[in-house]
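Read the numbers this way: they start at 1 and go in the same order the structure lists the ligands and their atoms. Positions are given from 1 along the sequence.
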Amino acid sequence: MRIAIGSIVQESNDFSPVRTRYGDFDFVFGADAVERHRSAFTEMGGFLNVLGKTSHKIAPLSAGWAVTAGPVERRDFSRVLSEFQKSLTRVRRPDAVLLALHGGQTAETVPDVAGHLLAAARSIVGPKTAIVATLDLHANVTRLMVQSATALVGYKTYPHMDLFQTGQRAAELLLRTLSGTVRPRMAFYKLPLIVPAENMQTTSGPFARLMDEAIRIEDQREAEVVSVFGVQPWLDVPEMGCSVVSVTDNDPEQGRRQVEKLARGFWESRREFAVKLTPVRRAILESLRADEGPIVISEPADSTGSGSPGDSTGLLKPLLQLGRYVSAALFIVDPDVVKKAIAAGVGATIHTSVGGKFDPEHSRPVRIAARVRLISDGRWTWQAPGYNQGVETSMGRAVVLDIGQMRLLVAERPTMTVDPELYRSHGIEPARMRIVAVKSPNGFRGPYQSLAKQVFLVDTPGVSTPQLKTLPYRRVPRPIYPLDPRLRIQWPNS
Ligand SMILES: [Zn+2]
């Protein structure tokens, strides 16, 4: 049989002032897509691993990944969609389709990109062909996705460590479907609920309990796959909300009970997701006083993994005032400064304003005098186990600036800051720093676990703030928790 595989993965932030462009996806097609993912710990890597052991033929479509940002521009999304349709049409009646999607991606005119792509695939391959798709744990699952796909399979971990395994599970489910061993049937429960990502880790706490229950159901073979989706809260779309999806072997009643029970557990634990943030000055002072470093200070409100522009000076500014002579590694996006530093050359001193330019509503530029330490092409390869491990990524061109003992990594474009390799690839060793700054709600915890002596999540303004009530939602369905804190759900007696 011939199985078409592909990936289009991006998370969107509808509040971000920066739109996503076609070029941000770094698309590769056909054999190049296989080449990129063959030994990568991605969903596509998992597809290839499982299908490679069978006699089925693999028909690769395309593979693209973009860092989280604002919605994809209208024309750019039309190009993404039409290329996807063309490549799937070219396969000519595949026997099945395996797709890696995010599920929390939007385009300027499309609030549900994954649903749109799945519906497009369905209309090309017809109603009988199996389409199995993987989704990020932060997916906003919609009715269109559930109607269009044969089965949806979500990550089980946050920080996300199981992209590869999710790909494997989806491919294995597809093989069982093709052989007739399983007749997948999905059950879906949508909650009027959004929660911040900071307390959604699957190692402990409320979300870990839900995931343990999902895994128990799978282990007992009561369902093929059970996924709990804690939607990332930066979407402003009409069908917004956390959800649960179960795929049973044609047992809709069992599936309904499973998703209802998990959804109820999710709802009842909603208050446990509230986040405690530390005032930024206090976090810096405590880091300076601590016996040993490195201390990781994260600025989730400017998380590049959550679609913020990555140019907030919310931490940089007080750090320059309070900790100038302390070793610290920081990342910031500022294409103008990169250009200036490259023009000045390594060893030169530049006087300039950095950051606070993309989102002036939330932070302002800061004046610096800095020595140019290093100039690079900004390409680096994920090393930490889990997320995209083994995949090369780009942040445009980049420079490292020395400001006293601070190392400021400045890039033309955002990149995710969760992997210490971001700094290491640019000659900065986080283990030797007193303070290591990241811009992430949670994803950094796994990769930095063995390094960080302490972690602070600081309270700075930005478009990925966990203070959800301050975000300018306009299109989410109401009532929804926590915007409508007194909302009640009537659960059926079970
Ligand atoms: Zn995620």
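Checked against the Zn ion (ligand 1), the N, O or S atom of Asp136 at the shortest distance is OD1. Nearest N/O/S atom of His138 relative to the Zn ion (ligand 1): this is ND1.
Scanning for side-chain contact (heavy atoms from CB on, under 4.5 Å) contacts around Tyr189 gives Leu191, Val259, Glu260, Ala263, Ile489, Trp491, with sequence neighbours left out.
At least one side-chain heavy atom of Glu224 sits less than 4.5 Å from a side-chain heavy atom of Asp249.
Residue His160: an N/O/S atom is found under 2.8 Å from the Zn ion (ligand 1).
Aromatic rings of Phe47 and His37 (six-membered ring for Trp) have centroids beyond the 6.0 Å cut-off, not under it.
In this structure, CD in Glu108 is found 5.5 Å from CD in Glu73, a value given to the nearest 0.5 Å.
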